[in-house]
Every structure is written in structure tokens, then in C-alpha cells.
Amino acid sequence: MRLRPDFFKRTTTTVARELIGKYLVRRIGRRTVAAMITETEAYHGPCDRASHASRGKTARTQIMFGPPGSWYVYFVYGMHHCANVVTGPEGFPAAVLIRAVDMPSSHGPARLCKALRIDRQLNGLPSRNAHIWIEDRGVHIPRTHILCGPRIGVAYAGAWASKPWRFTLAVQSATLRHIGRSKFRKKRRR
DNA sequence: CGCGGGATTGACT
DNA sequence: GTCAATCCCGCGT
């Protein structure tokens, strides 16, 4: 089922952790492409020096101050896009960057945007819309299979650079499918 | 209005 | 490991 705004309204790090194992779904023409989210980062609040919102509300960052669940897509390095979902209560600037999904050639925030045709046309849209959304498909990731560590590419952010706000799936998707199957078999036998 | 730098990637040494 | 690509943003003037 598609995630509702209430899912995103919670603490950014909680949302970032719980997005691991959810599915990013994108309509491309007549096709619908879905891929499991495997890596995220939390950008939390006006004091987080790694966050775009640390410079206050601007034309670009106003999305982060808006309602939870909105898509925040920005252009960076003159050639790349990055996809985020706004988190926390309205007025509190925060978002989760989707850094990787389980798809060939889509590891990395810019590569997944390229693979799923995500660009600034989607910026500001509500999380659930006709073109892109996030689904819970009932995949349970044990907490021990999610690693956290410092965020990437934010060395300029001083003490905020070392916050363990990056979440990664610790096992390969093939392993995950295997675990899922064995659990399924156990259940069926009982 | 000019300038410095970026929540990245891929190519090359 | 280093570095270029290349546009937009945010800030200082």
C-alpha cells in the first residue's frame, strides 16, 4: 500500500530507517517501475549544517519547510538530480535523501534519479501522485540488517558531518529474498 | 551582478 | 588517488 503523509510526519531518522525495504514506484509512460529502497540519509532541522535548510527558507528550500511527504528534487553539480521526501511536521525543515534502490545501475542518488527519470518536474509534488510514490509491500527488514553511519559528501558540515544519519541495507537483495523464502517455508509447515 | 562551491559520478593517473 | 563536467543557488558587493 502507498505510504501516507503520516508516515513521513515522524522524526526524520525514523523515517529514513523505515524507508529501507519500502518500494519506490515510478510511472514511465505506460510502464510502472518499482525498486526496493536500500540506502537513505536523514537531513534534520534548521540547525543541521549539512542540510540545505540550514541557510533558512529560500526559493529552493521552501519545499523542506512544507507538508511531510512532498517530493524535494534538486539539481546539483551542474548535471545531477537528487530525490528526497520531506519529513516531520509542517514548518520544520527536514527530508530524507534516497541514495540507492535495488536495481541494476542505480546505486547512488544521481544514478537512481537517472534510471527512474526523476527530475525537477516532480519537485514539490505530494508523495502520492500519479507519477511517483512509495509503497509498503510487506517486506520486513530485521533491524540488525540495517547499518547506520555518517552521511556522504558533507565534510563541510562540521560536527554535523559525523552524525550517523545514513542508513544502508546490510545484506544483498538476493540474500534478503532467501531469508524471506525460508521464513515463508517455516510458516507454511506449522 | 559576479563569484564560489555543491547531499555526484565516471574517467583517468 | 585526482579531477573535470557544468548549472544553479546563496551570498557579498
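Letters go in sequence order (proteins before strands), and every chain restarts at 1.
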TODO: Quote, to the nearest angstrom, the P distance that separates dG4(B) from dA4(C).
DONE: 16 Å
Can I get a per-line list of side-chain donor-acceptor pairs under 3.5 Å for residues 83-95 of chain A, giving both atom names and the distance, sequence neighbours left out?
from, atom 1, to, atom 2, distance (Å)
Asn84(A), ND2, Tyr72(A), O, 3.0
Thr87(A), OG1, Thr12(A), OG1, 3.1
Thr87(A), OG1, Ala95(A), N, 3.4

Open item on the list: Applying salt bridge (Lys or Arg N to Asp or Glu O under 4.0 Å) as the test, list every pair that has at least one member in residues 78-88 of chain A; sequence neighbours left out.
Closed with: none
Task: Qualifying ring-ring contact (aromatic ring centres under 6.0 Å, His included) pairs with a residue from residues 95-116 of chain A, counting only residues at least two apart or across chains - done: none
TODO: Give, ordered by number, those residues of residues 72-90 of chain A having at least one heavy-atom distance below 4.0 Å to an atom of DNA chain C; if nothing qualifies, reply none.
DONE: Phe75(A), Tyr77(A), Gly78(A), Met79(A)
- [ ] Please test His44(A) against Ser51(A) for side-chain contact (heavy atoms from CB on, under 4.5 Å), starting from the C-alpha separation and ending with a verdict.
- [x] CA-CA 7 Å; His44(A) 183 74; Ser51(A) 171; over 6 Å; no
- [ ] Just grab all the ring-ring contact (aromatic ring centres under 6.0 Å, His included) pairs involving residues 16-41 of chain A, residues at least two apart or on different chains.
- [x] none
TODO: Would you indicate what Ala110(A) reaches in the nucleic acid, counting non-hydrogen atoms under 4.0 angstrom: base, sugar-phosphate, or nothing?
DONE: sugar-phosphate
TODO: Toss me the dot-bracket line for DNA chain B: Watson-Crick and G-U wobble, both under 3.5 Å, 5' to 3', using | for pairs to another strand and [ ] for crossers.
DONE: ||||||.|||||.
Task: Atom CZ of Arg137(A) with >12 non-hydrogen neighbours under 6.0 angstrom - done: yes
Task: Nucleotides bounding contact with chain A, strand DNA chain B, heavy-atom threshold 4.0 Å - done: dG6(B) to dG10(B)
Task: Leu169(A): which of Thr38(A), Ile37(A), Asp102(A) passes side-chain contact (heavy atoms from CB on, under 4.5 Å) - done: Thr38(A)
TODO: Provide the start and end nucleotides, 5' to 3', of the part of DNA chain C that has atoms under 4.0 Å from heavy atoms of chain A.
DONE: dA5(C) to dC11(C)
TODO: Return yes when atom CZ of Arg128(A) has more than 12 non-hydrogen atoms of other residues, nucleotides or ligands closer than 6.0 Å, and no otherwise.
DONE: yes
Open item on the list: Quick one, Trp71(A) and Ile63(A) - any side-chain contact, counting heavy atoms below 4.5 Å?
Closed with: no
Task: Arg99(A): partners by salt bridge (Lys or Arg N to Asp or Glu O under 4.0 Å), with sequence neighbours left out - done: Glu39(A), Glu41(A)
Task: For DNA chain C, the residues among residues 53-67 of chain A that have a non-hydrogen atom under 4.0 Å from it - done: Arg55(A), Thr58(A), Arg60(A), Thr61(A)
TODO: Please answer: with hydrophobic residues joined when any side-chain heavy atoms are less than 4.5 Å apart, are Ile132(A) and Ile134(A) in the same cluster?
DONE: yes
Open item on the list: To the closest 0.5 Å, what do you measure between NZ (Lys163(A)) and SG (Cys148(A))?
Closed with: 12.5 Å
Open item on the list: Using the rule side-chain contact (heavy atoms from CB on, under 4.5 Å), only one of Ile141(A), Leu3(A), Val101(A) pairs with Lys22(A); which is it?
Closed with: Leu3(A)
TODO: For residues 51-62 of chain A, pull every pair meeting salt bridge (Lys or Arg N to Asp or Glu O under 4.0 Å), keeping only residues two or more places apart or in separate chains.
DONE: none
Review item, side-chain donor-acceptor pairs of residues 112-124 of chain A, under 3.5 Å, at least two apart:
from, atom 1, to, atom 2, distance (Å)
Asp119(A), OD1, Gln121(A), N, 2.9
Asn123(A), OD1, Val73(A), N, 3.0

TODO: Could you tell me whether Arg166(A) contacts a base, only the sugar-phosphate backbone, or nothing, with contacts defined as non-hydrogen atoms closer than 4.0 Å?
DONE: nothing
Open item on the list: On DNA chain B, does the nearest nucleotide to Arg111(A) precede the nearest nucleotide to Val154(A) from the 5' side, or the other way round? Give the residue.
Closed with: Val154(A)
